[in-house]
Engineer: 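Below you will find the structure I want to go over with you.
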Amino acid sequence: MTRVLIVDDQELFRDSLSIILKSDGETEAAAAACVDEALSYLEREKYDVVLMDIRMPGRDGVEGTRLIKNRFPDVKVIVLTTFDDDEYVYGAFKYGASGYLLKGCSRAELFEAIHLALSGSAMINPEIAVKVIRQFSEMAKRSEVIRVNDTHASELNESEIRIIREVGHGLSNREISATLYLSEGTVRNYISSILMKLELRDRTQLAIWAVQKGMTG
């Protein structure tokens with residue numbers, strides 16, 4: 001049974017989303033009206049996924065993502081919003097969001113996003129995928145240079161380099177799988193191995209490093 005926590009200041013939306021999630025018979029859903037309430041829920045009970053509204057009074061979804069990932073790193077956060085502002089796209093992924101969907105997404109897209117998040121991949125709504133890629137590029141230009149283990153970087157094989165290039169393009173594990181004709185499990189294992197080899201914290205750092213090294217051109 002997958003346990004999902006909805007965080008949204010609109011009661012009607014919370015209630016509607018709860019009904020949709022419970023309809024598959026394999027998902028439990030609870031709801032919080034703000035980030036602080038969500039943190040209280042997470043301290044008391046275990047949840048697999050948080051569906052996070054990006055714009056709320058007080059702490060917004062970007063700050064909520066940061067706090068949740070810092071305190072509960074195993075919890076997956078999927079951002080839901082009616083907006084596609086660049087700053088939110090960047091912020092949510094910077095702090096470890098596992099997906100970003102517009103609130104008008106279909107039921108199938110919602111469940112797919114949860115499935116992908118739990119499998120270690122990411123769901124990005126097509127309308128904002130280009131923005132994510134642009135943010136990676138701009139962030140790489142203005143950020144400090146990402147440092148890696150140079151010895152291990154020089155030993156990357158062609159398959160690893162192809163994986164890194166696609167991560168730098170903003171592709172999810174599923175998209176990389178389809179592009180390179182590999183299973184999602186193989187892609188996931190490659191990325192875990194690459195992060196360990198280069199001594200990087202997460203996929204975002206890997207993407208920035210790929211852009212800074214000119215591997216996405």
Engineer: So with a 6.0 Å cut-off around CD of Glu43, is the heavy-atom count from everything else above 12?
Structural biologist: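 Atom CD in Glu43 is crowded, with more than 12 foreign heavy atoms closer than 6.0 Å.
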Engineer: Before accepting this row, confirm whether a basic side-chain N of the pair Asp9/Arg55 lies closer than 4.0 Å to the acidic partner's carboxylate O.
Structural biologist: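 Result for this pair is no, no salt bridge flagged.
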Engineer: Could you pull out the closest heavy-atom pair between Met52 and Thr65, with the gap in Å?
Structural biologist: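 In this case the closest contact between Met52 and Thr65 is CE-N, 4.0 Å.
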Engineer: Using a 4.5 Å cut-off on heavy atoms from C-beta on, say whether the side chain of Val4 contacts that of Glu28.
Structural biologist: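 A side-chain contact under 4.5 Å is absent here.
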Engineer: Counting C-beta onward and ignoring hydrogens, is there a side-chain heavy-atom pair between Asn173 and Arg203 closer than 4.5 Å?
Structural biologist: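 SC-SC contact between Asn173 and Arg203 confirmed.
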Engineer: Nearest 0.5 Å, please: how far is CD1 in Ile194 from CH2 in Trp209?
Structural biologist: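 Here the rounded value is 9.0 Å.
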Engineer: Check the pair Asp74 / Lys76 against salt bridge (Lys or Arg N to Asp or Glu O under 4.0 Å), numbers first and verdict last.
Structural biologist: CA-CA 6 Å; Asp74 293 335; Lys76 308 299 183 182; over 6 Å; no
Engineer: Determine yes or no for a side-chain-to-main-chain donor-acceptor pair under 3.5 angstrom, with Ser192 supplying the side chain and Asn189 the backbone.
Structural biologist: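 Between the backbone of Asn189 and the side chain of Ser192 there is no qualifying donor-acceptor contact (under 3.5 Å).
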Engineer: Run the side-chain contact (heavy atoms from CB on, under 4.5 Å) check on Leu21 and Ile6 step by step: do they pass?
Structural biologist: CA-CA 10 Å; Leu21 290 170; Ile6 303 159; 3.8 Å; yes
Engineer: Is the shortest side-chain N to carboxylate O distance from Glu112 to Arg174 below 4.0 Å?
Structural biologist: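 Judged by the 4.0 Å cut-off on N to carboxylate O distance, Glu112 and Arg174 do form a salt bridge.
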Engineer: For residues Leu200 and Val148, determine if any side-chain heavy atom of one lies less than 4.5 Å from a side-chain heavy atom of the other.
Structural biologist: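 A side-chain contact under 4.5 Å exists here.
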Engineer: Side-chain contact test, heavy atoms from C-beta onward, threshold under 4.5 Å: evaluate it for Val79 versus Leu51 and give yes or no.
Structural biologist: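 The answer is no; the side chains never approach within 4.5 Å.
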Engineer: One thing to verify: whether Lys197 and Glu155 come together as a salt bridge, which I'm taking to mean a side-chain N less than 4.0 angstrom from a carboxylate O.
Structural biologist: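 No salt bridge links Glu155 with Lys197.
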Engineer: Looking only at side chains, do Asn157 and Arg162 share a donor and an acceptor under 3.5 Å apart?
Structural biologist: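 There is no such pair between these side chains.
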Engineer: Distance check, rounded to the nearest 0.5 Å: Leu198 atom CG versus Glu160 atom CD?
Structural biologist: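 Leu198 atom CG to Glu160 atom CD measures 8.0 Å (nearest 0.5 Å).
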Engineer: Of all the heavy-atom pairs spanning Leu39 and Phe72, show the shortest one and how long it is.
Structural biologist: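 Nearest pair, atom of Leu39 first, then Phe72: CD2-CE1, 4.1 Å.
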Engineer: Check for a donor-acceptor pair, side chain of Glu109 on one end and backbone N or O of Ser106 on the other, with a separation under 3.5 Å.
Structural biologist: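 Such a contact is found between Glu109 side chain and Ser106 backbone.
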Engineer: For the residue pair Asn149 and Glu199, confirm or rule out a side-chain donor-acceptor distance under 3.5 Å.
Structural biologist: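 There is such a pair (donor and acceptor under 3.5 Å, judged by atom type) between the side chains of Asn149 and Glu199.
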Engineer: Evaluate the side-chain proximity of Arg66 to Asn70: yes if any heavy-atom separation is below 4.5 Å, no if none is.
Structural biologist: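 Result yes, sub-4.5 Å side-chain heavy-atom pair found.
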Engineer: Would a 4.5 Å heavy-atom cut-off, applied to side chains only, mark Ile163 and Ile191 as touching?
Structural biologist: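 Of all side-chain heavy-atom pairs linking Ile191 with Ile163, at least one is under 4.5 Å.
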Engineer: Between Thr27 and Asp24, is a side-chain hydrogen bond (donor to acceptor under 3.5 Å, both in side chains) present by the stated rule, with each step listed?
Structural biologist: CA-CA 7 Å; Thr27 305; Asp24 73 338; 3.0 Å; yes
Engineer: State the CD1-CG distance between Ile19 and Leu17, to the nearest 0.5 angstrom.
Structural biologist: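 Result: 10.0 Å between the selected atoms.
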Engineer: Give a yes/no verdict on a cation-pi contact between Arg188 and Tyr190, requiring under 6.0 Å between NZ or CZ and the six-membered ring centre and an angle within 45° of the axis.
Structural biologist: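 That pair does not qualify as a cation-pi contact.
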Engineer: Check the hydrophobic clustering (I, L, V, M, F, W, Y; side-chain heavy atoms under 4.5 Å; chains of links allowed) and say if Leu80 and Val49 are grouped together.
Structural biologist: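 Yes, one cluster joins them.
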Engineer: Are the side chains of Val75 and Lys69 in touch, meaning some heavy atoms are under 4.5 Å apart?
Structural biologist: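 Not touching, per the 4.5 Å side-chain cut-off.
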Engineer: Measure the CD-CG distance between Gln10 and Asp53 for me, rounded to the nearest 0.5 Å.
Structural biologist: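 Gln10 CD to Asp53 CG: 6.5 Å, rounded to 0.5 Å.
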Engineer: What heavy-atom pair brings Ile78 and Ala117 nearest, and what distance separates the two atoms?
Structural biologist: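 That closest heavy-atom pairing would be CD1-CB, 4.0 Å.
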Engineer: Decide yes or no on side-chain contact (heavy atoms from CB on, under 4.5 Å) for Leu67 and Arg59, but give the supporting numbers first.
Structural biologist: CA-CA 10 Å; Leu67 291 170; Arg59 302 184 195 273; 3.7 Å; yes
Engineer: To the closest 0.5 Å, what do you measure between CG (Asp48) and CE (Met1)?
Structural biologist: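 Reported to 0.5 Å precision, the distance equals 11.0 Å.
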Engineer: Out of curiosity, does Met196 fall in the hydrophobic cluster containing Leu206 (side-chain heavy atoms, cut-off under 4.5 Å, transitive links)?
Structural biologist: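 Looking at the clustering, Met196 is in a separate group from Leu206.
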Engineer: With clusters defined by side-chain heavy atoms of hydrophobic residues (ILVMFWY) lying less than 4.5 Å apart, directly or transitively, does Ile208 cluster with Ile161?
Structural biologist: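 Linked, Ile161 and Ile208 end up in one cluster.
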Engineer: Is the side chain of Glu37 donor-acceptor paired with the backbone N or O of Ala33 at a distance under 3.5 Å, no angle test?
Structural biologist: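 A pair under 3.5 Å: yes.
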Engineer: Atom OG of Ser159 and atom CD1 of Ile164: how far apart are they, to the nearest 0.5 Å?
Structural biologist: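 Taking OG in Ser159 and CD1 in Ile164, the distance rounds to 11.0 Å.
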Engineer: Going only through I, L, V, M, F, W and Y residues with side-chain contacts under 4.5 Å, is there a path from Phe13 to Leu110?
Structural biologist: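 Result: yes, single cluster for both.
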Engineer: Using side-chain contact (heavy atoms from CB on, under 4.5 Å), reason through Val35 and Glu63 one step at a time and then give a plain yes or no.
Structural biologist: CA-CA 8 Å; Val35 170; Glu63 176 67 1; 5.8 Å; no
Engineer: Check the pair Lys103, Asp8 against salt bridge (Lys or Arg N to Asp or Glu O under 4.0 Å), reporting the backbone distance first and the verdict last.
Structural biologist: CA-CA 11 Å; Lys103 283 188 174 180; Asp8 194 290; 2.7 Å; yes
Engineer: What are the two closest non-hydrogen atoms of Ser18 and Ala31, and how far apart are they?
Structural biologist: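 Looking at all heavy atoms of both residues, the closest pair is OG-CB, 4.5 Å.
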Engineer: Would you say the side-chain atoms of Thr81 pair up with the backbone N or O of Ile54, donor to acceptor, closer than 3.5 Å?
Structural biologist: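 A pair under 3.5 Å: no.
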Engineer: Looking at every non-hydrogen atom in both residues, tell me the closest pair between Cys34 and Met56 and how far apart they are.
Structural biologist: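 Heavy atoms of Cys34 and Met56 come nearest at CA-SD, 4.5 Å.
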Engineer: Any idea which heavy atoms bring Ala32 and Leu5 closest together, and the distance?
Structural biologist: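 The pair with the smallest heavy-atom distance is N-CD1, 4.2 Å.
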